[in-house]
Amino acid sequence: MMDFMGATSVTDIADMPRGGFDASCLDRLLQTDRDEYLDRDSAGDDELEGIKRQVVDALDWTGRIFGNHRKVARRVLDILADVADPKILELGAGHGAVSRLLLDEHPTAQVTVTDVNPESVTRIAGALDGEPRSTVRVMDATAIDAPDGAFDLALFALSFHHLAPEAAAQVLREGTRVADVLLIVDLSRPPAPLHLIRLASMLPLAPFVPFVHDGLISSLRTYSPSALRALAAHADPAIELELHGGLFSEQVAIARRRSG
């Protein structure tokens, strides 16, 4: 159901398939509500915390080997090319490698690095110890503790799929409130037949390798371009969304609020 402003109702958005309201029957089957290891509460569970650390380390390793961290950092710096002393907020940073690159490659950038997981924040803070242009904090991306327009750009890389639709819309709402630009980089959601092939290639190792297990679930939970547009419309009709890539490359969404 659409209201008179063209935004979906809370009930509708909560029930939206990851492939969007126009998803095919097959695409609607290719999703799950199952948690990744990274989504599970590991408080007091040393074994689970160790598994989560393995997954984060694997994400960092693959990002370095395949150049994904550098590609994301380059996108950020390209958007901010005309900003002399940019203030950047990274949400859901995980390992903090992208923020490290931003600090290395821009001599005057100020970067606030955040994650909802205190363990990840502790590790990032240790890695960035002594860097005066960085601030490391525990922060929920759906409730950003910062005033309106505090940042030139907010980055949410490879974590957006962890969120249920209402929470994802809240990130769009909050990210475009505190920053002039919200840059979301996430996995692609290919057409259902190609998606099946990707899932089938991961399935044999998923029960044994935590990184593959989480990758399989991530693929099932990734939003399509159609879903991203619906989330932005639900978050605020004033949000403009620019989409890039997404078939065989990472999906990129650039969100801004229309002036006035």
Side-chain angles (χ1 to χ4, degrees), residues 17-20 23-73 90-98 100-101 115-117 119-120 123-124 127 141 156-165 167-168 184-225 227-228 245-253:
R18 296 291 172 128
S24 67
C25 292
L26 177 57
D27 195 15
R28 289 167 185 261
L29 294 174
L30 299 179
Q31 66 178 58
T32 183
D33 291 327
R34 184 172 180 177
D35 285 342
E36 301 179 32
Y37 287 118
L38 291 180
D39 297 319
R40 300 178 188 177
D41 183 4
S42 58
D45 188 336
D46 292 341
E47 181 179 1
L48 178 55
E49 189 58 47
I51 292 173
K52 291 170 71 172
R53 191 175 301 117
Q54 288 179 38
V55 174
V56 171
D57 288 345
L59 287 168
D60 185 17
W61 183 84
T62 56
R64 286 185 285 109
I65 293 299
F66 294 103
N68 296 329
H69 298 338
R70 193 162 297 278
K71 290 176 186 176
V72 174
E90 185 176 6
L91 301 164
H95 41 66
V98 174
R100 174 75 271 176
L101 282 172
D115 197 277
V116 73
N117 184 344
E119 175 70 18
S120 292
R123 297 180 72 193
I124 295 168
F156 202 14
L158 299 177
S159 297
F160 196 71
H161 59 271
H162 289 277
L163 304 171
I184 297 171
V185 181
D186 210 350
L187 303 175
S188 65
R189 187 177 185 90
L194 293 177
H195 200 179
L196 274 173
I197 294 171
R198 182 165 80 181
L199 294 169
S201 70
M202 302 167 75
L203 191 59
L205 290 176
F208 311 106
V209 182
F211 174 63
V212 179
H213 170 276
D214 275 18
L216 178 66
I217 294 176
S218 293
S219 188
L220 290 167
R221 297 180 67 177
T222 298
Y223 291 104
S224 71
L228 289 171
L247 184 56
F248 299 107
S249 61
E250 291 169 336
Q251 186 167 214
V252 177

**OP:** Answer yes or no: is there a side-chain heavy-atom contact under 4.5 Å between Leu59 and Asp214?
**Re:**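 In short, these two side chains do not touch, never coming nearer than 4.5 Å.
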Subject >> Side chains of Asp39 and Arg221 in contact at under 4.5 Å (non-hydrogen atoms) >> reply: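 With C-beta onward as the side chain, the pair touches.
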Minimum heavy-atom separation for [X] and [Y], please, with both atom names.
X      : Y      : value
Ser249 : Ser188 : O-CB, 3.3 Å
Ser42  : Lys52  : OG-NZ, 3.3 Å
Pro17  : Ala227 : O-CB, 4.3 Å
Gln251 : Thr222 : NE2-CG2, 4.3 Å
Phe211 : Thr62  : CZ-CG2, 3.9 Å
Ala141 : Phe156 : CB-CZ, 4.2 Å

Would you say the side-chain atoms of [X] pair up with the backbone N or O of [Y], donor to acceptor, closer than 3.5 Å?
X      : Y      : result
Asp115 : Ala93  : yes
Asp186 : Tyr223 : no
Thr32  : Leu220 : no
Ser219 : Leu216 : no
His195 : Arg189 : no

When rounded to the nearest 0.5 angstrom, what distance separates [atom1] in [X] from [atom2] in [Y]?
X      : Y      : atom1 : atom2 : result
Glu250 : Asn68  : CD    : CG    : 4.5 Å
Arg18  : Leu228 : CZ    : CG    : 10.5 Å
Ser159 : Leu187 : OG    : CG    : 9.5 Å
Arg53  : Leu48  : CZ    : CG    : 10.5 Å

Original post:
Mind checking whether Tyr37 and His213 have parallel, tilted or perpendicular rings, split at 30° and 60°?
Top reply: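 Ring orientation, 0 to 90° scale: tilted.
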Subject >> By salt bridge (charged side-chain N to carboxylate O under 4.0 Å, His left out) - contacts of Glu49 (at least two apart) >> reply: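 Expected list: none.
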**OP:** Evaluate salt bridge (charged side-chain N to carboxylate O under 4.0 Å, His left out) for Arg64 paired with Asp60, printing each intermediate quantity in order.
**Re:** CA-CA 6 Å; Arg64 286 185 285 109; Asp60 185 17; 3.5 Å; yes
